[in-house]
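Heads up, the thing below is written out as structure tokens.
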Amino acid sequence: MKFTKYTIIALFFAACQAEPEMIEEITPLVHTRASSLQFTQTENINLKELGIIRPSKLIRKDSLYIILTPKSKYRFAIYNNNTGKLKRFVPAGSGENEGLYFLTMNLNGNTVSSFDFGTGRLVELDLTRYATEGYTPEFTPLATNGKNPLGALRAGNQLISTGIYTEGRYRCTNPATGDEYFSVPYPECAGTSMSDSLKSIFYASNCMVVNSSNTRLACANMQYGCLDLCDIEGNTLNRVNEIHLNRPGITVQHKRPRSTGIWYPIAYTKHNLFGFCDLTTSDDYIFALYSGRTYRQYKGEMDKGRIILVFDWNGTHVRTYHLPNTCSSISYDKTTNSIYALSQEKGKAEIITLNL
């Protein structure tokens with residue numbers, strides 16, 4: 001899969017250049033009376049001693065910790081806290097059973113998935129088989145028919161993806177038959193005259209989750225605070241709610257300038273408030289880790305946060321949690337009714353337990 005200029009802009013913040021007025025939040029959610037979650041160090045797991053360097057995302061499932069390590073020789077690590085054993089998967093590269101660039105992870109049942117936007121493939125790890133000798137994850141190509149997906153997950157027998165799509169915001173793909181269906185218009189955004197092509201760039205970077213019955217999807221935008229909720233009805237999605245936490249800080253160029261070699265059609269400003277870092281779910285709630293940071297103030301640390309906004313599956317705000325540590329990822333475990341978070345304080349990554 002070749003990178004388009006749009007993809008590079010959408011994912012790597014290369015367009016953070018303009019200097020307009022400060023962007024103010026228009027939601028009261030992050031300023032409501034909030035509970036402060038206390039934490040404890042999680043079962044004395046020392047990531048550095050395990051050789052897990054610069055982790056970015058975390059999923060907890062029973063005694064397993066699945067960790068995304070996007071800058072390591074292997075992109076995924078699975079640590080069994082009961083046995084103390086660590087296994088690594090997906091070596092860096094573009095070949096068969098290799099991977100390049102990953103932003104998020106998703107847990108659905110006993111399967112962890114993550115989309116590789118470097119190769120255009122969805123990688124799925126079966127947690128019931130991962131420790132079996134010779135096990136390799138499953139790779140499913142989604143960059144087909146000229147499409148440029150940027151994020152994907154599995155919902156039952158089909159894959160749901162977002163990307164540089166003009167036919168609709170969501171694409172449902174049946175890997176068995178190759179059939180694909182597009183649905184749902186793009187959410188309301190800053191420019192009413194913005195084309196679907198530009199909107200697909202604007203909403204390019206997302207984290208997605210589905211509920212346990214695979215009947216509802218939540219999609220949160222990373223670069224700007226938009227949460228989109230949809231019903232999943234067969235191969236069609238229908239929006240039930242959309243939430244906007246702030247006005248996006250962007251500049252839009254509808255036409256390519258004659259005098260430049262690189263065109264930034266959507267330019268996020270240094271004052272733009274970064275949106276959602278990660279999502280995790282229970283049967284009843286969506287837990288959204290929110291940043292609210294700007295590139296101007298935090299540079300490369302704006303994709304982390306100290307606020308968890310809790311919504312029900314209709315998009316109603318339930319409560320707000322303030323965290324003592326800056327975190328890059330959260331994972332709810334119903335067996336302990338706790339959130340396990342990947343803390344990123346003072347250059348040290350550690351797993352902490354947030355007691356609800």
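Taking 4.5 Å as the limit, every side-chain heavy atom of Cys230 sits out of range of all side-chain heavy atoms of Arg169. You'll find the side chain of Ile45 reaches within 4.5 Å of the side chain of Asn81, heavy atoms only. With contacts defined as side-chain heavy-atom distances shorter than 4.5 Å, the pair Leu217/Asp228 does not qualify. A heavy-atom distance below 4.5 Å is not found between the side chains of Met222 and Asp303. No side-chain heavy atom of Leu342 sits under 4.5 Å from any side-chain heavy atom of Lys304. Using a 4.5 Å cut-off on side-chain heavy atoms (C-beta onward), Leu150 and Asn148 make no contact. Between Thr166 and Lys199 the shortest side-chain heavy-atom distance does not fall below 4.5 Å. Taking the side chain as every heavy atom from C-beta outward, Ile164 and Ile201 approach each other to under 4.5 Å.
The main-chain N or O of Asn314 is found under 3.5 Å from a side-chain atom of Asn241 such that the two form a donor-acceptor pair. Checked by atom type and distance alone, the side chain of Arg75 pairs as donor or acceptor with a backbone atom of Leu100 at under 3.5 Å. Asn80 places a side-chain N or O within 3.5 Å of a backbone atom of Thr83 that can act as its donor or acceptor partner. Using a distance-only test at 3.5 Å, with no hydrogens or angles considered, a donor-acceptor pair links the side chain of Ser338 to the main chain of Thr336. Of the possible polar contacts, one joining the Arg239 side chain to the Pro185 backbone as a donor-acceptor pair under 3.5 Å is found. Under a 3.5 Å cut-off, the side chain of Thr294 and the backbone N or O of Gln297 do form a donor-acceptor pair. Using modelled atom types, no side-chain atom of Arg54 and backbone atom of Pro70 make a donor-acceptor pair closer than 3.5 Å. Under a 3.5 Å cut-off, the side chain of Asn211 and the backbone N or O of Thr215 do form a donor-acceptor pair.
Within 6.0 Å of CD in Glu233 there are more than 12 heavy atoms belonging to other residues, nucleotides or ligands. By the neighbour-count criterion of 12 heavy atoms within 6.0 Å, atom NZ of Lys73 is sparsely surrounded, having that number or fewer from other residues, nucleotides or ligands. Annotation: Asn157, atom CG; neighbour count of heavy atoms from other residues, nucleotides and ligands within 6.0 Å does not exceed 12.
Taking both residues in full, the closest heavy atoms of Ala92 and Ser72 are given as CB-O, 4.2 Å, listed atom of the first, atom of the second, then distance. Listed here is the closest heavy atom pair of Ser200 and Tyr186: CB-OH, 3.1 Å. Residue Ile307 comes nearest to Leu323 through the heavy atom pair N-CG, 4.5 Å, listed as atom of the first residue, atom of the second, then distance. Closest heavy-atom contact between Gly305 and Cys277: N-SG, 3.9 Å.
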**OP:** Please test Ile243 against Leu229 for side chain to side chain contact (heavy atoms under 4.5 Å, CB included), starting from the C-alpha separation and ending with a verdict.
**Re:** CA-CA 9 Å; Ile243 299 156; Leu229 291 105; 4.2 Å; yes
**OP:** Run the numbers on Asn246 and Asn272 for side-chain hydrogen bond (donor to acceptor under 3.5 Å, both in side chains), then give the verdict.
**Re:** CA-CA 9 Å; Asn246 55 272; Asn272 178 66; 4.8 Å; no
**OP:** Decide side chain to side chain contact (heavy atoms under 4.5 Å, CB included) for Ile160 and Ile232; before the verdict, give the C-alpha distance in whole Å, the side-chain angles of both, and the deciding distance to 0.1 Å.
**Re:** CA-CA 10 Å; Ile160 301 175; Ile232 303 172; 3.8 Å; yes
Original post:
Going through the distances and angles, do Phe76 and Leu68 end up as a side chain to side chain contact (heavy atoms under 4.5 Å, CB included)?
Top reply: CA-CA 5 Å; Phe76 300 90; Leu68 179 61; 3.5 Å; yes
Original post:
Could you walk me through whether Asp116 and Thr119 pass the side-chain hydrogen bond (donor to acceptor under 3.5 Å, both in side chains) check?
Top reply: CA-CA 6 Å; Asp116 180 357; Thr119 64; 2.9 Å; yes
Original post:
Given Asn221 and Asn206, is the side-chain hydrogen bond (donor to acceptor under 3.5 Å, both in side chains) satisfied, shown in steps?
Top reply: CA-CA 4 Å; Asn221 188 258; Asn206 303 294; 3.2 Å; yes
**OP:** Determine, step by step, whether Val209 and Asn106 satisfy the side chain to side chain contact (heavy atoms under 4.5 Å, CB included) criterion, reporting the C-alpha distance in whole Å, the side-chain angles of both residues, the deciding distance to 0.1 Å, and the verdict.
**Re:** CA-CA 7 Å; Val209 289; Asn106 180 265; 3.6 Å; yes
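The CG atom of Leu289 sits 5.0 Å away from atom CD1 of Ile330, with the distance rounded to the nearest 0.5 Å. The distance from the CG atom of Leu58 to the OG1 atom of Thr280 is 9.0 Å, given to the nearest 0.5 Å. Rounding to the nearest 0.5 Å places CG of Leu159 at 5.5 Å from CG of Leu142. Expressed to the nearest 0.5 Å, how far CE of Met208 lies from OH of Tyr170 amounts to 7.5 Å. With values rounded to the nearest 0.5 angstrom, Asp278 atom CG is found 7.5 Å from Ser328 atom OG. In this structure, the separation between CG on Asp284 and CG on Asp312 is 9.0 Å, given to the nearest 0.5 Å.
Residues Glu301 and Arg293 are not paired through a salt bridge, judged by the lack of any N-O separation under 4.0 Å between the basic side chain and the carboxylate. The residues Lys147 and Glu180 are annotated as salt-bridged, a charged nitrogen and a carboxylate oxygen being separated by less than 4.0 angstrom. A salt bridge between Lys348 and Glu345 is absent, with no side-chain N of the basic residue lying under 4.0 Å from a carboxylate O of the acidic one. A salt bridge does not link Asp333 to Lys61: none of the charged nitrogens lies less than 4.0 Å from a carboxylate oxygen.
Of the N and O atoms on the side chains of Asn235 and Arg171, not one donor lies less than 3.5 Å from an acceptor on the other residue. Between the side chains of Thr326 and Arg306, a donor-acceptor pair is found at a separation under 3.5 Å.
Taking the centre of each ring, Tyr165 and Phe182 come in below the 6.0 Å mark.
A single hydrophobic cluster is seen to contain both Val310 and Leu356, as judged by linkage of ILVMFWY side chains at heavy-atom distances under 4.5 Å, directly or through other members. In the hydrophobic clustering of this structure, Leu125 groups with Met105; members are Ile, Leu, Val, Met, Phe, Trp, Tyr whose side-chain heavy atoms approach within less than 4.5 Å, directly or through other members. Hydrophobic clustering places Phe102 together with Ile66 (ILVMFWY residues linked when any side-chain heavy atoms are closer than 4.5 Å, directly or through intermediates). Val90 and Phe117 fall into different hydrophobic clusters, where Ile, Leu, Val, Met, Phe, Trp and Tyr side chains are chained together by heavy-atom contacts under 4.5 Å. Note on Leu64: it clusters hydrophobically with Val112, by side-chain heavy-atom contacts below 4.5 Å among ILVMFWY residues.
Take Ala349 and apply the side-chain contact (heavy atoms from CB on, under 4.5 Å) test, not counting sequence neighbours, and it matches Leu47, Pro55, Gln344. Every residue meeting the side-chain contact (heavy atoms from CB on, under 4.5 Å) condition with Ala288, not counting sequence neighbours, appears here in chain and number order: Phe276, Leu279, Phe311.
Relative orientation of the Phe287 and Tyr332 rings is parallel, given thresholds of 30° and 60° on the angle between their planes. The aromatic rings of Tyr224 and Tyr203 lie tilted to each other, with the angle between the two planes from 30° to 60°.
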If you look only at distance, which donor and acceptor atoms sit under 3.5 Å apart when one is on a side chain in residues 131-139 and the other is two or more places apart or in another chain?
| residue | atom | partner | partner atom | Å |
| --- | --- | --- | --- | --- |
| Thr132 | OG1 | Arg129 | O | 3.0 |
| Tyr135 | OH | Asp126 | N | 2.7 |

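Relative to the ring axis of Tyr285, Arg319 places its NZ or CZ within 45° and under 6.0 Å from the centre. For the pair Arg60 and Tyr340, the cation-pi test (distance below 6.0 Å, angle within 45°) is passed.
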